[in-house]
Peer 1: 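Right, I'll just put the structure down here and ask away after.
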Amino acid sequence: MKQENAIELKNVTKRFGDVIANDDVSLSVRKGEILSILGENGSGKTTLMNMLSGIYFPDEGQIFVDDREVTIRSPKDSFALGIGMIHQHFKLISVLSAAENIILGLPGKTLLKMNQITAEINELTKKYGFDLKPSQKIYDMSVSQKQTVEIVKVLYRGADILILDEPTAVLTPQETKKLFDVLRNMRKAGKSIIIITHKLNEVLELSDRVAVLRKGRYAGTIDTADATVNSLAEMMVGAKVSLDIDRTDPVEPQKRIEVRGITSKNKEGLTVLKEVSFHANGGEILGIAGIAGSGQKELLESIAGLQPIESGEVLYYSPEGTTEKISDMKAADIRDLHISLAFVPEDRLGMGLVGSMDLTDNMMLRSYKNGKHFYADRKKPRDLALEVVDKLDVVTPGVDTPVRKLSGGNVQKILLGREIASSPTVLMVAYPVRGLDINSSYTIYNLLNEQKNKGVAVICVGEDLDVLLELCDHILVLAGGKVAGIVDARKSAKEELGLMMTGSGKGGHTK
Amino acid sequence: MSVENNVIANKEPLFRITKRAGISAFKAWAIRLTAVAFALVVCGLVIVAITGQNPIKVYLSIIDGAVGRSRRLWVTVREMMTLLIIAIGLTPAFRMKFWNIGAEGQLLMGGAATAAMMIYFGDTMPNWLLLILIFVVSSLAGIIWGVIPAVFKAYFNTNETLFTLMLNYVAIQIINFCIVYWENPAGSNTVGIINSATQKGWLPKLFGQTYGWNVVIVLAITFAIYIYMKYGKHGYEIAVVGESHNTARYAGIDVKKVIIRTMILSGAICGLAGAIIVSGGSHTISVSTGGGRGFTAIIVAWMSKFNPWAMILVTAFLVFMQQGSIQIATKYGLNENASDIITGILLFFLIGCEFFINYKIELHRKKKEVQ
């Protein structure tokens, strides 16, 4: 292959206030190659690509496209240069069809020739092996189909350089495979493709070269053939990391939470949970897998008393041997019964914590009512905050800092630290490592294992199937609000879970 | 792909606006003080343009007008206390992000209740009992006006801004209606000074000062609200609800209850403000009893970042300038709108400077030359 550069960045720097998002980054993308941009959350991958797609303007440095220096001031400039970016959050109009979304914003005659457009789109999809029906409406589509529309949209506009931001984050293993096939076809056709990712396995599977960013700085580019998971992780973090989760066998699991046939509707009246039944044992980690929005959030919230249930019940078996029906109770009632049900919600700053309040005030969120008098006690929460900061190595200027100002990993440590401090018998966590760097992620996994070994029933909603399979004892798969199956995590494969997630699997063996 | 980058080369934005990560308290106050200085200069220029007088002389007469004589000083203090209590009344609601812009209506209702008590019970009970009755009834009137939008917000999630705003107009019409009944003397279309002979229902002098009680009551309420918001469990609940209803539910807070309870408090204080105005100042009632203070107080509360001590400073400054400009208006034969112009210029600068506290403007850095 000729070593011709499609894009070259030279000494690009971008600052946001005092934060340096990209510091003197230089890298190149060759024609007809797939380049992975690898880095942890917050390492500046997306910022760098947004400068190519015209959303940000670099403070310093030069950008070359086809060896000519360019100035990209807006997405329009970027399009004119043949650069197309597929963002993590899709920008589609759901009441329009795929074809209508694809041509949206393009210049054209007063009268649309939909037949001709459809034919052109079909030609494109055939060429690269997409699976797309141009007349289908967006609201009828799965996440993977919407992504296809986004990709075809930039191809239709004649993009030669495609940038995909975390394209597999929302896909099942099967859908990921399909996407990779398409991307390989595009490479064959001479397109240059940049993939932003933090998943090491995908990098190795798909790309020709990997450029690594670390804390906004460029850490180097290597050929994928020379890389291993461990060497990439080391480049990404800057130090040796251990990627092992120490899973112990459950000791005398006891039934702690039982969910019996719960059905629940959301505010719009759509059924989000259908006849869900399972139980969670103390001393075990129960993983919950599923495509985003399959009812994971609602399931945890209905156990926590935050989501109204239409039918069915949730029972709590206390270690003392009593049984409580908690499905009729609100969060406050559950707390008043001294059932220690800890819950780390998905939306950390929008539900689990108050962003503008300091660490102390956040520690008292679930316990501020203690004591009869009018004043809220701030002495104990302050001590707890100091303890959590000390024990979990939270990086913060002090306990009087608003939690909003802390990084994602530290925010999660504070939330988890508070919930664990209540010595729970049930611990529910939703996407506990989302947005966290590798080291923090493994700290969190260890904390969950620690709780499991203490006899806590841990319920963990996760998105990374590899991790769930390594961490959990059992995995419950949700598909469209229904239980698609519950499997033994030690004896299952990723592909099996993937099939169940799309609802096309056999359903697994129920416990 | 045809690359038309020649056209777009070397066009860079001239400057850009970035959000500050944080700013030291010293720097923030320095910016605010600079804004005040600019405001005073602009006010001076405007005054000179209108009156043709030496601006220093004009400023001296502003000081003279605000605090020059004992009586003027006490009127300034009275006005300041009135504005302060309304801002304090708004604080709990605003901390909850419940945008109560109905303070004007709530205080009018409180004022109407006060006038009614003075008119109907002026001769039937001792003055101290009447005053207690006035405080209770005016608070209740404010509560009714405050709690209606709160209930609708809590149960039907209606927009509180529109709701509280519209209730202001209802209150104004109710006052108009009352004036018909309470007209004195007949045909004047005003209520006149109520109980001017007996002074029943008037706040008495304290330490020989006409407005002594105003100061004591308002400062006591200010202090109480400070403690309530900062150290109380209720204050904590209000802050959590203000930040996120989801977090509040997660923490086991009854959001509906907190909304209604907080608006009861907010409405009660605004209603009481009506009593302070009528019983402790004007001794009459009209549609202009509020005088727009219900709205000015919103700005006071915001500029003080809901901090009661800052509110004292902000009200002092605003009222000082207002009272002073009333003086120059009479002295140089301008109408009362001159004082509104002054206030407007001050607010423009004070609110505008918040932009520079939150953002900074940078010229674009030169591109680093790379060979």
Side-chain angles (χ1 to χ4, degrees), chain A residues 10-11 13 15-19 24 26 57-62 65-66 68-74 76-77 80-82 158-160 301 304-306 330-336 343 345 347 349-357 361 364-366 368-369 371 373-378 405, chain B residues 1-14 16-23 95 97 157 224 227-255 257 305 358-360 362-371:
Chain A
K10 272 189 187 167
N11 309 84
T13 297
R15 298 183 192 83
F16 294 107
D18 298 331
V19 182
D24 203 16
S26 303
F57 190 82
D59 293 347
E60 286 166 23
Q62 294 161 290
V65 174
D66 293 330
R68 291 164 69 178
E69 187 175 356
V70 295
T71 308
I72 304 172
R73 289 190 57 184
S74 69
K76 233 176 170 176
D77 294 352
L81 293 164
D160 277 327
E301 288 188 5
L306 297 170
K330 289 206 161 147
D333 304 329
I334 295 174
R335 180 192 54 205
D336 291 345
F343 179 28
D347 189 357
L349 288 178
M351 186 175 229
L353 297 167
V354 182
S356 60
M357 287 186 176
D361 277 13
M364 57 197 261
L365 191 59
R366 301 255 267 170
Y368 74 95
K369 272 197 178 145
H373 44 78
F374 167 81
Y375 296 107
D377 174 23
R378 276 186 171 78
K405 297 211 164 161
Chain B
M1 196 62 328
S2 67
V3 181
E4 298 166 70
N5 50 342
N6 290 338
V7 193
I8 54 176
N10 296 322
K11 269 196 293 178
E12 285 194 16
L14 181 63
R16 64 205 174 119
I17 295 160
T18 49
K19 202 166 167 63
R20 288 181 198 266
I23 188 167
R95 281 299 297 271
K97 302 225 168 89
N157 197 26
I227 298 291
Y228 179 85
M229 293 303 298
K230 190 158 167 101
Y231 297 107
K233 287 177 183 170
H234 286 188
Y236 183 76
E237 285 178 343
I238 289 171
V240 174
V241 170
E243 188 73 18
S244 149
H245 286 197
N246 262 339
T247 309
R249 286 194 311 131
Y250 169 83
I253 295 171
D254 186 339
V255 176
K257 191 175 116 190
K305 303 264 151 61
N358 289 317
Y359 297 91
K360 61 180 169 194
E362 301 178 335
L363 291 180
H364 217 283
R365 287 184 181 80
K366 280 265 171 265
K367 262 202 284 182
K368 208 193 257 177
E369 288 306 321
V370 187
Q371 294 308 323

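Within every chain, numbering begins at 1; the chains are lettered A, B, ... in the order of the sequence lines, protein sequences first and strands thereafter.
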Peer 1: Working to the nearest 0.5 angstrom, can you tell me the gap between A/Leu365 CG and B/Glu243 CD?
Peer 2: 11.0 Å
Peer 1: Checking A/Asp361 against chain B: side chain, backbone, both or neither under 4.5 Å from a heavy atom?
Peer 2: both
Peer 1: Indicate the atoms forming the closest heavy-atom contact of A/Met357 with B/Tyr236, along with that distance.
Peer 2: SD-CE1, 3.9 Å
Peer 1: Side-chain contact test, heavy atoms from C-beta onward, threshold under 4.5 Å: evaluate it for A/Glu301 versus B/Tyr250 and give yes or no.
Peer 2: no
Peer 1: Which bit of B/Ala248 is near chain A, if near means a heavy-atom gap under 4.5 Å: side chain, backbone, both or neither?
Peer 2: neither
Peer 1: Looking at B/Arg95, I'd like to know if its CZ atom is crowded, meaning that more than 12 non-hydrogen atoms belonging to other residues, nucleotides or ligands lie closer than 6.0 Å.
Peer 2: no
Peer 1: Has B/Tyr228 got more than 12 heavy atoms of other residues, nucleotides or ligands less than 6.0 Å from its OH?
Peer 2: yes
Peer 1: Which atom pair, heavy atoms only, marks the closest approach of B/Lys230 to A/Arg378?
Peer 2: O-NH1, 3.4 Å
Peer 1: For each of B/Thr247, B/Ile253, B/Asp254, tally heavy-atom pairs with chain A at distances under 4.5 Å, and name the one with the top tally.
Peer 2: B/Thr247
Peer 1: Which heavy atom of A/Gly350 sits nearest to which heavy atom of B/Ser244, and what is that distance?
Peer 2: O-OG, 2.8 Å
Peer 1: Could you look at B/Tyr359 and say if it's the side chain, the backbone, both or neither that has a heavy atom under 4.5 Å from chain A?
Peer 2: neither
Peer 1: If I take atom NE2 from residue B/His234 and atom OH from residue A/Tyr368, how far apart are they, to the nearest 0.5 angstrom?
Peer 2: 8.5 Å
Peer 1: Could you give the distance from NZ (B/Lys233) to CE (A/Met364), rounded to the nearest 0.5 Å?
Peer 2: 9.0 Å
